[in-house]
Undergrad: 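Attaching a single structure in structure tokens format; questions to follow.
Each chain gets a letter, A, B and so on, in the order its sequence line appears, and its residues count up from 1. Side chains are part of it too, since the values below use all heavy atoms of this structure and drop only hydrogens, waters and symmetry mates.
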Amino acid sequence: MHIEKELQIIKENAVDVISEGELLKKLEKSRAEGKGLRVKYGADPSAADIHLGHTVPLQKLRQLQDMGHQVIFLIGDFTARIGDPSGVSKTRPPLTKQEVQNNASTYQEQIFKILDRKLTNVVFNSQWCDDMKSGEIMKLASHYTVARMLERDDFALRFRKKEPISIHEFLYPLIQGYDSVFLKADMEVGGTDQRFNFLVARELQRDFGQEPEVLILLPLLEGTDGKQKMSKSLDNYIGISEPPAEIYGKIMSIPDEILPRYYNLLLRIDMPNDCGPHEAKKHLAREITSIHHGEENAGKSEQEFEKVFVRKELPENIPEFVLRNEELKDGKIWIVELLLKAKLAATGNEARRLIAQGGVKLNNKSCTDPELNIEIRDNMVIKAGKRRFARIKMEGNHG
RNA sequence: GGGGAGAUACUCAAGCGGCCAACGAGGCUUGACUGUAAAUCAAGUGCAGAAUGCUUCGGAGGUUCGAAUCCUCCUCUCCCCA
């Protein structure tokens, strides 16, 4: 592959490359020595599920692997206990060691759906951070100044709004940067929200007599609300391990305006312009579902979606729940109680509301009376809202 | 160490002795319209088989017929001075 072509692939979709000149030099050197570059990617295991937003940098890493570079997948189990202040307006609650560990293992299961396992080196930064001496931390902290920390957008904002910033949050970028020093990274890939942290890493590397890493900054994918970046805490994410029908449906619910973004960032192609937005969205949903669950499942999800949401028919698989005879009175049950038992409502009030507002259907018949006692028959289907269903299974007194 | 301000539901934010289960906005839920898009409109958003019952306004006590509102102590945050 021509080096220009390689550069092109690396730059694709990137918001910024710092710097291209350095990158070119590193690529040349890597070729001359016949050794791939060491590419660092850090993951914060505070959220266990990998979502579509993460797949943007992961795809970039895969491209780099395909070109012979080594990926060092760093699980920030130590830094997760501090909490990345990037883009956050509050101090994060610290995670326990156990939580971090659970999340980290789930993480690993999921990344190899995209990355090549053989070309990925997984490391935990607790390996070297855990026994850092306080003297070393002091020394690290002396490399940066308060003024420069406060230049950072999120800190500046919090400071201006008179919101608390804990001292340990200042340490976060330094420790993250030190990871790059420790790993002797040639390149680091991440979202644009990591710009500040990454720049600190470069400075630290320089201070430690290393050549600074090249930064590949990728755009942040918007979540299903189309406004804020995809994240678990905002509950606007599409997890890659979610069931195919779920992924398909969530894609169908994104606002039209961000369709081109999804096409560019997730499929790495331009949105087709020979069809309407609805068709384009369906295509997108099918493609993305297919990437994570295979074509067959994607096709099924589409059919199911058409069936349930377009034709308003019953879905293929309806979760069942068992009702026992003794739970009925004269073969009847109060509707609110039924919704509670079917777990279609969390509280009685919620159930009442749902009913009163016309959100509940029994065997496809609306029911708006919250006082109703329903005569139960086996296999009866309850629908709550647009997408929640439950099927009643009667069980005799003898189990 | 000294002085001042503040903590209200998912978030922001009113309320400053009864009219407060707590204004308003955002979010979210449901319905109408639709393409599970957007925009718009309507309703809802503590719990309770439920006509005025119970538990909520950082925490613990207290005053009062009655407290989110007043008092005391505690915890936490911000600002100014040192």
Side-chain angles (χ1 to χ4, degrees), chain A residues 87-93 150 155-167 169 222-228 231-238 242-263 271 275-286 288-289 301-315 327-329 332-341 343-361 364-374 382-389:
Chain A
V88 204
S89 52
K90 276 196 182 96
T91 309
R92 298 201 179 191
L150 283 173
F155 281 152
L157 188 72
R158 280 163 71 180
F159 193 69
R160 229 181 302 129
K161 286 171 75 179
K162 304 192 194 303
E163 275 165 9
I165 301 170
S166 297
I167 304 290
E169 293 180 77
E222 289 80 3
T224 50
D225 57 2
K227 287 176 200 134
Q228 288 177 281
S231 87
K232 194 173 186 179
S233 51
L234 292 170
D235 199 25
N236 63 358
Y237 72 104
I238 306 175
E242 291 190 68
E246 204 61 27
I247 293 180
Y248 189 95
K250 282 190 179 181
I251 298 278
M252 288 307 284
S253 77
I254 65 172
D256 290 356
E257 300 87 72
I258 54 167
L259 275 174
R261 285 283 278 183
Y262 272 54
Y263 265 97
M271 183 168 100
C275 65
H278 188 217
E279 281 306 309
K281 197 181 277 181
K282 273 163 73 171
H283 179 70
L284 178 74
R286 198 165 53 233
I288 291 174
T289 310
S301 301
E302 184 170 60
Q303 282 165 25
E304 184 73 2
F305 182 86
E306 295 287 322
K307 186 175 171 186
V308 178
F309 298 109
V310 179
R311 299 198 301 273
K312 313 266 186 223
E313 291 169 17
L314 292 178
E327 292 175 283
L328 305 182
K329 267 186 228 132
K332 291 182 176 178
I333 189 166
W334 181 35
I335 185 164
V336 169
E337 205 180 325
L338 183 66
L339 287 173
L340 288 175
K341 286 193 193 288
K343 300 220 159 58
L344 293 175
T347 65
N349 280 341
E350 195 182 304
R352 279 166 180 279
R353 266 177 240 137
L354 208 55
I355 298 159
Q357 299 189 130
V360 174
K361 283 185 179 175
N364 225 21
K365 254 179 61 192
S366 291
C367 167
T368 50
D369 177 11
E371 302 302 330
L372 192 74
N373 285 297
I374 309 151
I382 321 165
K383 180 180 184 185
K386 268 177 241 170
R387 37 169 306 189
R388 285 171 305 146
F389 297 87

Undergrad: Does the A/Lys250 side chain pair with the main chain of A/Tyr237, one donor and one acceptor, at a distance under 3.5 Å?
TA: yes
Undergrad: Between B/rG58 and B/rA68, how far apart are the two P atoms, rounded to whole Å?
TA: 10 Å
Undergrad: Measure CG/A/Leu284 against C1'/B/rU36 and give the value in whole Å, please.
TA: 15 Å
Undergrad: My understanding is that only one of A/Glu302, A/Arg286, A/Lys282 makes a side-chain hydrogen bond (donor to acceptor under 3.5 Å, both in side chains) with A/Tyr248; could you say which?
TA: A/Glu302
Undergrad: Could you give the distance separating B/rC76 and B/rC23 at their P atoms, to the nearest angstrom?
TA: 32 Å
Undergrad: Which atoms form the tightest heavy-atom contact between A/Glu242 and A/Ile247, and what is the distance?
TA: O-CD1, 3.6 Å
Undergrad: Are any of the side-chain heavy atoms of A/Glu257 and A/Glu222 separated by less than 4.5 Å?
TA: no
Undergrad: Could you check whether A/Ile254 gets within reach of a base, just the sugar-phosphate, or nothing at all, counting any heavy atom under 4.0 Å?
TA: sugar-phosphate
Undergrad: Give a yes or no on whether the backbone of A/Leu234 and the side-chain of A/Ser231 come within a donor-acceptor separation of less than 3.5 Å.
TA: yes
Undergrad: Can you name the closest pair of heavy atoms from A/Pro277 and A/Asp256 and give their distance?
TA: CB-OD2, 3.7 Å
Undergrad: Between B/rG26 atom P and A/Lys227 atom NZ, what is the distance in whole Å?
TA: 11 Å
Undergrad: Is there, by distance only and without an angle test, a donor paired with an acceptor across the side chain of A/Asp256 and the base of B/rG35 below 3.5 Å?
TA: yes
Undergrad: Determine: side-chain N/O of A/Ser253 to OP1/OP2 of B/rA37, distance under 4.0 Å, yes or no.
TA: no
Undergrad: Where each residue is assigned the nucleotide of RNA chain B containing its nearest heavy atom, which of A/Glu246 and A/Gly348 is assigned the position nearer the 5′ end?
TA: A/Glu246
Undergrad: Whole angstrom is fine here: how far is it from OH in A/Tyr263 over to C1' in B/rA37?
TA: 14 Å
Undergrad: What's the gap between B/rG49 and B/rA38 when it is taken at their P atoms, as a whole Å value?
TA: 35 Å
Undergrad: Roughly how far apart, to the nearest Å, are B/rU55 and B/rA67 at atom P?
TA: 12 Å
Undergrad: Can you give me the N/O atom pairs linking the protein to nucleotides 29-31 of chain B at distances under 3.5 Å, or say none if there are none?
TA:
from	atom 1	to	atom 2	distance (Å)
B/rU30	O2'	A/Gln357	O	3.1
B/rG31	O4'	A/Gln357	O	3.3

Undergrad: Taking B/rC12 as the reference, what is the distance to B/rA7 when you measure between their P atoms (whole Å, please)?
TA: 12 Å
Undergrad: Please give, in whole Å, the distance from B/rC54 P to A/Asn349 CG?
TA: 16 Å
Undergrad: With respect to the side chain of A/Lys281, which nucleotide from B/rG35, B/rC47, B/rG49 is positioned closest?
TA: B/rG35
Undergrad: Quick one: closest heavy-atom pair of A/Lys281 and A/Ile254, and the distance?
TA: NZ-O, 2.6 Å
Undergrad: Locate the shortest heavy-atom distance separating A/Ala351 from A/Val336; write the atom from each residue and the value.
TA: CB-CG1, 3.9 Å
Undergrad: Assess whether a salt bridge exists between A/Lys329 and A/Glu337, defined as any Lys/Arg side-chain N lying under 4.0 Å from an Asp/Glu carboxylate O.
TA: no
Undergrad: Do you know the tightest heavy-atom contact between A/Ala285 and A/Met252?
TA: CB-SD, 4.0 Å
Undergrad: Can you run through RNA chain B from 5' to 3' and write each base as (, ), [, ], | or . depending on how it pairs? Watson-Crick or G-U wobble, both distances under 3.5 Å.
TA: ((((((((.[[[..)..(.....]]]((((((.......))))))((.....))...[[[[[..)....]]]]]))))))).
Undergrad: Which heavy-atom pair separates A/Ile333 from A/Glu327 by the least distance, and what is that distance?
TA: CD1-O, 3.9 Å
Undergrad: Need one value for A/Val336: base, sugar-phosphate or nothing, where a base atom within 4.0 Å counts as base even if backbone is also close, heavy atoms only.
TA: nothing
Undergrad: Can you tell me how far P of B/rG35 sits from CD of A/Glu306, to the nearest Å?
TA: 11 Å
Undergrad: For the C1' atoms, the ones on B/rC70 and on B/rC57, what distance do you get once it is rounded to whole angstrom?
TA: 16 Å
Undergrad: Separation of A/Gln228 atom CD from B/rG27 atom C1', in whole Å?
TA: 10 Å
Undergrad: Can you tell me how far P of B/rA38 sits from CE of A/Met252, to the nearest Å?
TA: 12 Å
Undergrad: Would you measure the distance from the P atom in B/rG31 across to the matching atom in B/rU36 and give it in whole Å?
TA: 13 Å
Undergrad: When the P atoms of B/rG61 and B/rU29 are considered, how many whole Å apart are they?
TA: 38 Å
Undergrad: Could you list, one pair per line, each protein nitrogen or oxygen that sits under 3.5 Å from a nitrogen or oxygen of nucleotides 74-82 of chain B, together with the distance?
TA:
none

Undergrad: Would you kindly check if the NZ (Lys) or CZ (Arg) of A/Lys361 is within the cone defined by 45 degrees around the ring axis of A/Phe389 and under 6.0 Å from the six-membered ring centre?
TA: no
Undergrad: Check whether any side-chain N or O of A/Thr347 sits under 4.0 Å from OP1 or OP2 of B/rG46, and answer yes or no.
TA: no
